[in-house]
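As structure tokens, the structure follows; a few thoughts come after it.
Chain naming here is simple, since letters A, B, ... match the order of the sequence lines and numbering starts at 1 in each.
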Amino acid sequence: MILLLALTIGFLAAAGLYRLTGPGRLDPLIGLILLGQAANLVLFASGGLKHNAAPLLGSGVAEPTDPLPQALVLTAIVIGFGIIAFLLSLVIRKTPK
Amino acid sequence: MIVCLLAPFAGALACLVAGRRYRLGGAIAVVAVLVSLCAAVGLVSSTAGGEVFALHAGGWRAPFGIVMVADGFSALMLAVCQTVTLAALVAGGALLPERWKRRHFYPLVLTLSTATCGVFLTGDLFNLYVWFEVLLLSSFALMAIMKGEEERSGAWRYVILNLVSSLLFLVAAGLIYGKSGSLNFADLHLRFAGEEDSFLLESSTVLLFGAFAIKSALLPFAFWLPAGYPHLPPAVSALFAGLLTKVGLYALFRVFGMVFGGDSFPHRELLMGIALLTMVGGVLGAVAQTGMRKILSFHIISQVGYMALALALYTPMAMAAGIFYLVHHIIVKANLFLVAGLIERYRGSSELSGSGGLMRMAPWLGLLFAVPALSLAGIPPLSGFFAKFGLLRAAIASGDTLAILVVVGVGLLTVFSMLKIWRALFWGGDEGVGAGHGVPRGGIVASAMLAVVTVCIGLAAGPVYGLAERAAAGLFDRSAYIEAVLGSGNPVAPGTESETSMK
């Protein structure tokens, strides 16, 4: 599981970096999105991966998982989404009609 | 403390409500920043004795909840940054050509101000990231609205590079959390203080280092800065020049100097090399330029190198000099950019060739330029002298010959480029003179205000330097900080108390 996640992160980061340096107008943007997803996955994995574990105490689960990384990822996703929306609007303004 | 943060935010909301009534919006903005400034000055005086205040949001206990912390260093930075924001607001209202822009200018500057306050006050790594994003988004929006049709590529470069640095930051925060189980500054320090395996720490902090280096424009990553700044309207470029890179430096000081610092901190030799490279590279870049704002932009880079050098020397003396340097630099640099904007308004251009003779036409502009320029160059009665002198003393005390040589040499080259501007713009013939346009009073008031602050810092160098010394001492002796954040009891052992606090 952790190996799969690590490979995914590596692949996303590599693809993101490649697109970031691309020539097109949208390339850096797509690169940033991919890199952002890689970062989110790192954040997600930082609490340790557990199978079938709820992030709640006292919910009858024997071994709860760490809720903080999930909260962090959620925040990071929201921020990333806002920034991507803003960048897209910049790109649209830049493109001649 | 909370007033510092909330006043600009409430002001931003009120400005949005004010909408088209931009005069009202301007008044609200100035009042909001003034309130925040007063609160910050209050904080400076109440943290002057080394006290640290912590605010636990929602009453959650420290390593788990969100904390805002004010110590001497952050209070000092808050006060200085709000001063510059105030000046930029006053100048910006008067200098912006199109009225519709003012409507967006005020709320955006206020959110920017909120974000800088957040950066200075936050007590954990992830919130630092969040505040950085707020800061970046406000600055992107300001850039996007204010810049003209030409020269968008510079701004674009700024946007992309800073976003990449934010992602690096995010990954580093994730890795550090994975290794230590905490993001709180005080808690992190305790957890890593006894750590012997330096590789564990350094493998994550190198990402953090890269992120802050991009934000504070250290040399290999600095090229977004001269590409972006010279094309902004004067008030905005003054604000950015004063705040943006310095916020990155604050993060470097706080995170590497305090949180991960012990006898030394990770990547210190690397920082030393980069700092020297930045100082030399920035000043040489400035020598090659011909536009006043371009020269000033390269000088930001070189000055950032000075402050990074203070951190790299990492003695109490050097850190005090570095903090004093930050205070001095924010005000002086913002003022220089404001004056450049005023000159452009007066003459239509601030290119060095073909716009001489200002001294005869507008001697008061000469005075406004002379104060910050001499201060930047480090001429004795002004603030820059004490900053450079303190740094030089620290470099000599640590016996690093290369650092001493570079500090002195770069100082000389700085004087040279200030003289270059002075000779070309203020003396020189007045061939190719455009008609003198009127300069709005607001710009002059703002610039004069900053100049007075510079002179005051120079005259009251003793007390201000004392504040900087105590702020630096607070970075080294973390006991007050840790006690304020984590409470006076024993630090929480990893993994034991999480159960009680989560309920």
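- Contacts of B:Phe140 with chain A are made by both backbone and side-chain atoms, with heavy-atom separations under 4.5 Å.
- Closest approach of A:Ala76 and B:Phe126 over heavy atoms only: N-CZ, 4.4 Å.
- Only the side chain of A:Leu20 comes within less than 4.5 Å of a heavy atom in chain B; its backbone stays farther off.
- Using a 4.5 Å heavy-atom threshold, the side chains of A:Leu35 and B:Leu163 count as separate.
- With a threshold of 4.5 angstrom between heavy atoms, B:Leu183 approaches chain A through side-chain atoms but not through N, CA, C or O.
- Applying side-chain contact (heavy atoms from CB on, under 4.5 Å) to B:Leu170 and the options A:Ile79, A:Leu72, A:Leu43, A:Thr75 leaves one that passes, A:Leu43.
- What you find for A:Ser46 and B:Gly174 is that their closest heavy atoms are CB-O, 3.0 Å.
- Taken from CG in A:Leu68 to OG in B:Ser182, the straight-line distance is 9.0 Å, to the nearest 0.5 Å.
- Taking CD1 from B:Ile160 and CG from A:Leu87, the interatomic distance works out to 6.0 Å, rounded to the nearest 0.5 Å.
- For B:Val134, no part lies near chain A; criterion is any non-hydrogen pair under 4.5 Å.
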